[in-house]
Amino acid sequence: MNHRDRWPIALLALLLLAYVGLAGWYSLVIPLGEAPDEVPHFTYVRYLAQHGRLPDTSEEHEAFQPPLYYAAAAALTFWIEDDPDAPFAVRHNAYYDVADPRSPKNLLLHTAGESWPFRGWALAWHLVRLLSIALGAVTVLAVYRLGRVLFPEAPAIALAMAGLLAFTPQFLFLSAVVNNDNAATAFSALILWQVAAVLHDARPGWQRPMVLGLLLGLGLLSKANVAVLVPIAGLAVVLAPATGAGRQAGADGAAGERQAGRRGAALRAAALGLLVCFGVAALVAGWYFVRNWLLHGDPLGWNFVLETNARREGPLTPEVLAWLFQGVFRSFWLGWIGIAFEEVIYWILGLVCLAGAAGFVAWLARRWSVLAGATRWTLLLLVLHAAGTLASLIQWTATVLGTDQGRLIYPILPTVMLVLAAGWAWWGGQRGRRPVLGVLVAGMLFLAVITPVRYIGPVHAPAPRATDQELGRAVPLDARWNGIRLLAFQLTNRQVRPGEKLALDLYWEATEPVGEDLMTLIQLVDEDGQFLMYADGSPTAGRDTTDRWPVGVPLASQHLLPVPADGAPRTYRLTISVHPFGASAWLPVTGPGGAARGDHLLLPVEVEVIGP
């Protein structure tokens, strides 16, 4: 291996190391369960590990998904038992509100049971996340190999494809969590690489169709959207002998009879390739589709899928398509609940994409006539795959809700990165190609590095420390429950209309290490003790749990309490009660000197609900 061959491999190794380091960092910054459908994906894994069989929809929300990713994760974690001191429990955040920018955007509450050193179910969860990271590395490697097949004399383009992918913040985000999209994306990238390899192999024989069939079968066992690749793989196998025969004929200068013989051989090779490719795929994945047919009446288990998804009512309007485009584009680069770039960054990314696409089209216009037939067929099949994936997303959007997520089109990541890298390489020209692509990858790396600090971390930050000014403005209380103390409160609005929210600021402190997760019940009650509304959640309004509080540090929290739209106008009082998570027994509250104050603290303030 000469120097020309060594430097791309060395840079690829650095890219993969950087990707693994970044994805590992993302995995530690993103709390468990705070990613698209991560909780049901993980509970599917737990079910397989504990029961050794596939679940149905009454047992697991994601039971309609093909099982490969979950089976691999279960095999990785079946030996881990839950810690008796930290049993598995999903604690939903009562203060989560996607529509109110003042509300926390963490879906769940996270206890000390998730902290390092990981144990029990938390250890299993993190191990499955490592599986996702490994699959992401496979995707990066496959994209690089696809680039080398298409641009054997321009390794910088292949490296740029891999670098842009490895440092895309949302790709890192998804690769760092539990989700079967990681398996679907990895196998899609491997299949597209092998499609290109089959077409570029002068004598593909039966070995490459066999590998392609194996990958296709594994992909079909990963997620249903890989089915778009079935005709792509079939076309590649059919075309491969013809492109190989054409290259051989051109090289040999054979006469017409010899060319006709080669065409006949190509047809026989195509038939054999199809038989091998789809035969292997059927051996690997066929059992799953037969199972669906027997259990649900069709190979895809479509009715089974629809049982677990919210159905869309009404047609696909231009407004819905605009919503879909915006959501998919934004979350393709970075987007989840509360996590998003500033608008200007999305505009810059959009311009980068448009310029890359324009450069790619210009490159095609200049080079199409001199491209090898195998390269042209590969590019056409990549476009066909992208079109099929987008069409299936639109069809899925016409069927169910919540489809505005870029991860749903991640199987086309290799094609997107190809267009960007090749397009910008064309703008750079022969001399400027490497600097231009280097700047492009460096820019994506910059976004990847700042994302955990600027965009993910703050969303999941614990309750802030209360300042002396805040405590000075608040009404002092000094009420205590089992190691926690309510220092003071402040009510921003004492008059509220039905449908509006009360903003109640509470200031807490742990007087000693708290070994349990305590919840607070805040009620708005009338003079007869009947509640108008209540909120039962963490004392710091969904920011963290009491077993993670630092001792002696005053913590500030704002509780946004919605008043029902049919709330009767009158005067109410606020009460606060404390209980352990999962228990309904109220803890006694004590005042200064240990004086008993019952089990419900009545705040010394009145709230007036006024008419509209």
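All figures in this text were calculated on a predicted structure; none of them were measured in a lab. Computed from heavy atoms alone, side chains included, the values below leave out hydrogens, waters and symmetry copies.
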Report task. Please answer whether the main-chain N or O of Leu107 pairs with a side-chain N or O of Glu34 as donor and acceptor at a distance below 3.5 Å. Result -> yes

Query raised in the report: Would Lys501 and Asp97 pass as an ion pair if we require N to O under 4.0 Å?
Result: yes

Report task. State, with a plain yes or no, whether a side-chain heavy atom of Leu192 is found less than 4.5 Å away from one of Leu229. Result -> yes

Report summary line: Shortest non-hydrogen pair, Phe329 vs Cys353, comes out as CE1-SG, 4.4 Å

Query raised in the report: So how far is it from Ser188 OG to Ile412 CD1, rounded to the nearest 0.5 Å?
Result: 10.5 Å

Requested in this report: May I ask you to decide if the ring planes of Phe64 and His61 are parallel, tilted or perpendicular, using 30° and 60° as cut-offs?
Outcome: perpendicular

Requested in this report: Apply the test side-chain hydrogen bond (donor to acceptor under 3.5 Å, both in side chains) to residues Arg407 and Gln170: give CA-CA distance (whole Å), side-chain angles for both, the deciding distance (0.1 Å), then the verdict.
Outcome: CA-CA 8 Å; Arg407 65 186 176 91; Gln170 188 69 14; over 6 Å; no

Report task. Show your working on side chain to side chain contact (heavy atoms under 4.5 Å, CB included) between Leu108 and Val39 and close with a plain yes or no. Result -> CA-CA 10 Å; Leu108 308 175; Val39 170; 3.7 Å; yes

Report task. Indicate the atoms forming the closest heavy-atom contact of Thr378 with Ala196, along with that distance. Result -> CG2-CB, 3.6 Å

Query raised in the report: Is the backbone of Ala124 close enough, under 3.5 Å, to the side chain of Thr77 for a donor and an acceptor to pair up by distance?
Result: no

Report task. Using side chain to side chain donor-acceptor pair (under 3.5 Å) as the criterion, list what pairs up with Glu59, not counting sequence neighbours. Result -> Tyr47, Arg53

**Report entry** Ring geometry between Phe42 and Trp125 (parallel below 30°, tilted from 30 to 60°, perpendicular above 60°)
**Finding:** parallel

Report task. Identify the heavy atoms of Leu15 and Ala162 that sit nearest to each other, and give their distance. Result -> CD1-CB, 4.1 Å

Report summary line: Interatomic distance, CD@Glu62 vs OH@Tyr70, rounded to 0.5 Å, equals 5.0 Å

Query raised in the report: Do Trp424 and Val352 touch side chain to side chain, with heavy atoms closer than 4.5 Å?
Result: yes

Report task. Measure the shortest side-chain to side-chain distance between Trp333 and Ile345 over non-hydrogen atoms and say whether it is less than 4.5 angstrom. Result -> no

**Report entry** Separation of Thr403 OG1 from Ile409 CD1 (nearest 0.5 Å)
**Finding:** 11.0 Å

Query raised in the report: Should the pair His460 and His110 be assigned to parallel (<30°), tilted (30 to 60°) or perpendicular (>60°) ring geometry?
Result: perpendicular

Report summary line: CD1 of Ile157 to CZ of Arg148, rounded to nearest 0.5 Å, is 10.5 Å

Query raised in the report: Checking ring-ring contact (aromatic ring centres under 6.0 Å, His included) for the pair Tyr455/Phe341: CA distance, chi angles, key distance, verdict?
Result: CA-CA 7 Å; Tyr455 303 108; Phe341 291 134; 5.1 Å; yes

Query raised in the report: Quick one: does Trp323's side chain get under 4.5 Å of Thr397's, heavy atoms only?
Result: yes

Query raised in the report: Can you check whether Asp404 reaches Gln326 side chain to side chain, under 4.5 Å on heavy atoms?
Result: no

Report summary line: Residue pairs meeting salt bridge (charged side-chain N to carboxylate O under 4.0 Å, His left out), one or both in residues 322-336, sequence neighbours left out, come to Arg330-Glu343

Report task. Determine whether the side chains of His200 and Thr375 contain a donor N or O and an acceptor N or O closer than 3.5 Å. Result -> yes

Query raised in the report: More than 12 heavy atoms of other residues, nucleotides or ligands under 6.0 Å from CH2 of Trp293: is that the case?
Result: no

Report task. For residues Pro104 and Tyr95, report the shortest heavy-atom separation together with the two atoms involved. Result -> CD-O, 3.5 Å

Report task. Using the side chain to side chain contact (heavy atoms under 4.5 Å, CB included) rule, take Leu384 and Ile232 through it: C-alpha gap first, then chi angles, then the decisive distance, then the call. Result -> CA-CA 8 Å; Leu384 183 61; Ile232 304 300; 3.6 Å; yes

Query - Donor-acceptor contact below 3.5 Å, side chain Glu38 vs main chain Asn179 - result: no

**Report entry** Shortest non-hydrogen separation from Tyr69 to Ser132 and the atoms involved
**Finding:** OH-OG, 2.6 Å

Report task. Evaluate the side-chain proximity of Thr185 to Leu135: yes if any heavy-atom separation is below 4.5 Å, no if none is. Result -> no

Query raised in the report: If you measure from CZ on Phe171 to OH on Tyr410, what distance do you get to the nearest 0.5 Å?
Result: 8.0 Å

Query - Exercise: identify the closest heavy-atom pair between Ser222 and Leu68 - result: OG-CD2, 3.6 Å

Query raised in the report: Does Leu32 reach the side chain of His126, with side-chain heavy atoms less than 4.5 Å apart?
Result: yes

Report task. Report yes if some heavy atom in the side chain of Leu214 is under 4.5 Å from a heavy atom in the side chain of Met210; otherwise report no. Result -> no

Query raised in the report: For Trp336, does the CH2 atom have more than 12 heavy-atom neighbours from other residues, nucleotides or ligands under 6.0 Å away?
Result: yes

Report task. Could you list all the ring-ring contact (aromatic ring centres under 6.0 Å, His included) pairs where at least one residue sits in residues 136-162, not counting sequence neighbours? Result -> Phe151-Trp363

Query raised in the report: Quick one: does Arg208's side chain have a donor or acceptor within less than 3.5 Å of a partner on Val198's backbone?
Result: no

**Report entry** side chain to side chain contact (heavy atoms under 4.5 Å, CB included) evaluation trace for Tyr346 with Leu351
**Finding:** CA-CA 9 Å; Tyr346 290 113; Leu351 292 174; over 6 Å; no

Report task. Before giving the answer on side-chain hydrogen bond (donor to acceptor under 3.5 Å, both in side chains), spell out for Ser331 and Gln405 the whole-Å C-alpha distance, their side-chain angles and the decisive distance to 0.1 Å. Result -> CA-CA 6 Å; Ser331 61; Gln405 300 182 53; over 6 Å; no

Requested in this report: Starting from the C-alpha separation in whole Å, work towards a yes-or-no answer on side chain to side chain contact (heavy atoms under 4.5 Å, CB included) for Tyr26 and Ile133.
Outcome: CA-CA 10 Å; Tyr26 276 58; Ile133 292 173; over 6 Å; no

**Report entry** Glu319-Thr317 side chain donor-acceptor pair, cut-off 3.5 Å
**Finding:** yes

Query raised in the report: Under 3.5 Å, is there a donor-acceptor pair between the side chain of Lys105 and the main chain of Ser103?
Result: yes

Query raised in the report: More than 12 heavy atoms of other residues, nucleotides or ligands under 6.0 Å from CZ of Arg291: is that the case?
Result: yes

Query raised in the report: Can Asn180 and Gln65 be counted as having a side-chain donor-acceptor contact under 3.5 angstrom?
Result: yes

Query raised in the report: If you measure from CG on Leu141 to CG on Leu146, what distance do you get to the nearest 0.5 Å?
Result: 11.5 Å

Query raised in the report: Checking Thr43 side chain against Pro40 main chain: does a donor-acceptor pair fall under 3.5 Å?
Result: yes

